[in-house]
2 protein chains.
Amino acid sequence: MDDELTAVLADLPGPDVAAGAAVAARAAQVLRPAGALARLDEVAAWLASWQRTTTPRVARPAVVVFAADHGVVDEGVSAYPSAVTAEMLRALRTGAATATVMARELGAPVEVVDVGVGRPSANLRREAALDAARFRECLDAGRRAVADLDADIVVFGEMGIGNTTPAAAVSAALFGGPAEEWTGRGTGIDDATWAIKVAVVDDACRRLSDDCEPLEVLREVGGPELVAIAGAVLEARRRSIPVILDGFVATAAVAPLEAARPGALDHCVAGHCSGEPGHRLLLDKLGKPPLLDLGLRLGEGSGALAALPLVRLAAASVTDVATFEEWGLA
Amino acid sequence: MDDELTAVLADLPGPDVAAGAAVAARAAQVLRPAGALARLDEVAAWLASWQRTTTPRVARPAVVVFAADHGVVDEGVSAYPSAVTAEMLRALRTGAATATVMARELGAPVEVVDVGVGRPSANLRREAALDAARFRECLDAGRRAVADLDADIVVFGEMGIGNTTPAAAVSAALFGGPAEEWTGRGTGIDDATWAIKVAVVDDACRRLSDDCEPLEVLREVGGPELVAIAGAVLEARRRSIPVILDGFVATAAVAPLEAARPGALDHCVAGHCSGEPGHRLLLDKLGKPPLLDLGLRLGEGSGALAALPLVRLAAASVTDVATFEEWGLA
């Protein structure tokens with residue numbers, strides 16, 4: 001791991017504990033039975049602690065979608081050809097894709113960052129997906145995208161044909177267990193393709209030394225947009241901007257941060273649990289219960305966007321509801 | 001059951017099957033892998049079939065909250081005194097309550113209908129909660145509230161100290177099983193109070209004859225706002241307005257409609273599964289998987305409101321996303 005990254009990870013800001021506690025206390029005093037909003041009150045307190053305010057609010061949400069191609073597609077792991085990535089990049093940029101439609105409904109601007117569409121990573125089955133320079137380039141692209149944002153909460157999405165394979169490989173390498181358990185059907189592959197995908201994940205993990213550092217795992221068996229998301233989540237942490245995590249790929253992308261520095265994802269809430277079987281396993285390993293569990297498996301940030309209104313409502317339900325005292329009631 | 005109600009139940013309109021099928025077909029053709037939005041695509045098709053359009057949309061949501069007091073509170077089944085109902089009615093009317101704050105965030109107007117605040121139903125442990133005239137009055141109040149709406153989807157909430165007791169009694173009477181399984185902690189009662197509540201539910205069910213008709217069950221062991229919600233859901237069906245069901249009380253209120261006429265709740269989606277244990281059981285009996293499962297247990301329509309954005313996003317994600325063909329892609 002390079003020195004700058006080591007330094008950033010060593011120096012992550014913590015939450016504003018007092019703001020979180022104040023909001024948790026207020027949640028217990030507003031005009032409803034204590035605990036009646038359950039998980040949503042916890043989300044409000046979490047949001048407060050990272051927004052560093054006693055009046056948390058989701059007023060300026062933002063979405064950044066990172067897109068790239070993957071050399072591992074040559075192994076035949078996906079139902080779609082790589083050319084689809086470029087088409088979806090265009091659809092995301094023109095607002096015709098699912099995540100952009102959702103974001104529009106929610107009043108969230110979408111930025112789309114190309115970190116390698118038509119410029120695939122190397123084939124992770126055979127060699128490191130990214131060399132050190134490309135890893136740094138993608139990480140910096142992620143960080144820069146966040147540095148430019150004016151947002152009080154952020155969603156990071158991904159688009160990249162073949163990218164559930166690096167997600168499975170990163171997860172399997174970090175947490176162990178059979179490749180079968182981490183490997184799903186992605187965009188909807190058949191049994192034969194799935195068997196290839198499992199073998200690819202297995203081979204990728206076998207290339208790694210047992211003591212491979214978590215961010216090296218990401219470089220070796222990850223992919224460009226995964227690295228960019230890791231950089232973006234890191235920069236969000238530096239700026240204390242809370243994050244709603246999307247699906248399997250986005251979660252696998254940031255799992256190495258938590259493995260390298262426990263607590264590094266404390267500013268992230270799991271928006272949903274996807275239909276990819278590895279995602280449930282991964283959220284469990286990370287100790288992040290999802291807000292939604294609807295079997296979504298699209299990516300692009302769509303699952304996190306579906307959860308965004310819950311965070312917005314959770315915040316308003318503490319900030320804007322009167323307390324019994326304000327209401328003049330014992 | 002009175003003749004008019006029998007006639008209404010016998011003559012419920014069905015869904016627009018063609019609109020639902022068209023939207024399901026479009027969902028499989030838009031710019032994402034088929035099935036990637038899973039449950040949300042099903043919700044979009046369901047919405048289309050009841051909005052009777054191939055371009056379903058949540059543009060004019062509305063909320064109606066029905067409030068009333070309950071004679072059964074005299075048995076000591078609640079942590080709060082009945083006087084709180086009137087206070088919460090005022091909070092709902094002035095926008096200081098949780099559901100009104102949520103509704104404001106979502107751009108949904110809230111109507112609050114008093115069907116018996118300070119005018120409690122009879123004690124359902126000892127006698128019929130409502131006589132025939134009061135039942136009709138509450139049912140009509142629910143129907144009238146919907147007749148006045150201009151809405152493309154609707155949420156019905158309730159407020160009434162003590163009303164998880166009639167919810168448990170109606171559920172137990174309709175579906176059988178031990179009262180313990182249907183009886184929860186409501187606003188947060190202790191073990192001793194819970195034991196009383198179970199005994200009350202048991203005694204209430206014992207008053208009923210084995211062949212008691214479902215809507216008679218609602219009159220005997222329900223309550224004013226429960227009956228109003230049943231009337232409102234019935235009127236929404238007559239007008240083909242889709243409904244997002246809220247928690248245990250709101251679901252128990254309408255379960256008699258389904259028991260009286262299977263399919264009567266086909267225009268309703270379960271917004272969430274609450275922390276009241278009886279709600280999960282009830283949703284299972286009704287075959288209605290919830291959109292959210294976050295342990296919320298507030299009522300007021302809050303759980304359904306938390307789910308409303310999912311329905312909105314589901315619709316937009318079919319209506320507004322380009323198809324592969326529109327996009328010029330094979």
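Here is how names work: the chains are called A, B, and so on, in the same order as the sequence lines, proteins then strands, and each is numbered from 1.
By number of non-hydrogen pairs under 4.5 angstrom with chain B, the leading residue of A/Ala38, A/Ala91, A/Gly95 is A/Ala91. When each of B/Gly35, B/Gly275, B/Gly299 is scored by its heavy-atom pairs under 4.5 Å with chain A, the top score falls to B/Gly35. Contacts with chain A were tallied for B/Leu40, B/Val101, B/Val84; B/Val101 has the most, counting heavy-atom pairs under 4.5 Å.
With a 4.5 angstrom heavy-atom cutoff, A/Ala96 touches chain B via backbone and side-chain atoms both. Residue A/Ala34 touches chain B through its backbone alone, counting heavy-atom pairs closer than 4.5 Å. Within the 4.5 angstrom heavy-atom criterion, only side-chain atoms of A/Leu106, from C-beta onward, approach chain B. The parts of A/Leu37 that come within reach of chain B are both its backbone and its side chain, each placing non-hydrogen atoms under 4.5 angstrom from that chain.
At a threshold of 4.5 Å between non-hydrogen side-chain atoms, the residues A/Leu313 and B/Leu305 do not count as touching. Residues A/Met102 and B/Val321 fail the side-chain proximity criterion, which asks for heavy atoms closer than 4.5 Å.
Distance check, rounded to the nearest 0.5 Å: CG of A/Leu294 to CG of B/Leu310 gives 6.0 Å.
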Kindly provide each donor-acceptor pair between chain A and chain B shorter than 3.5 Å, listing atom names and distance.
residue	atom	partner	partner atom	Å
A/Arg32	NH1	B/Thr98	OG1	2.9
A/Ala34	O	B/Arg297	NH2	3.2
A/Ala36	O	B/Arg297	N	2.8
A/Glu87	OE1	B/Trp327	NE1	3.0
A/Ala96	O	B/Ala322	N	3.3
A/Thr98	OG1	B/Arg32	NH1	2.9
A/Arg297	N	B/Ala36	O	2.8
A/Arg297	NH2	B/Ala34	O	3.2
A/Ala322	N	B/Ala96	O	3.3
A/Trp327	NE1	B/Glu87	OE1	3.0

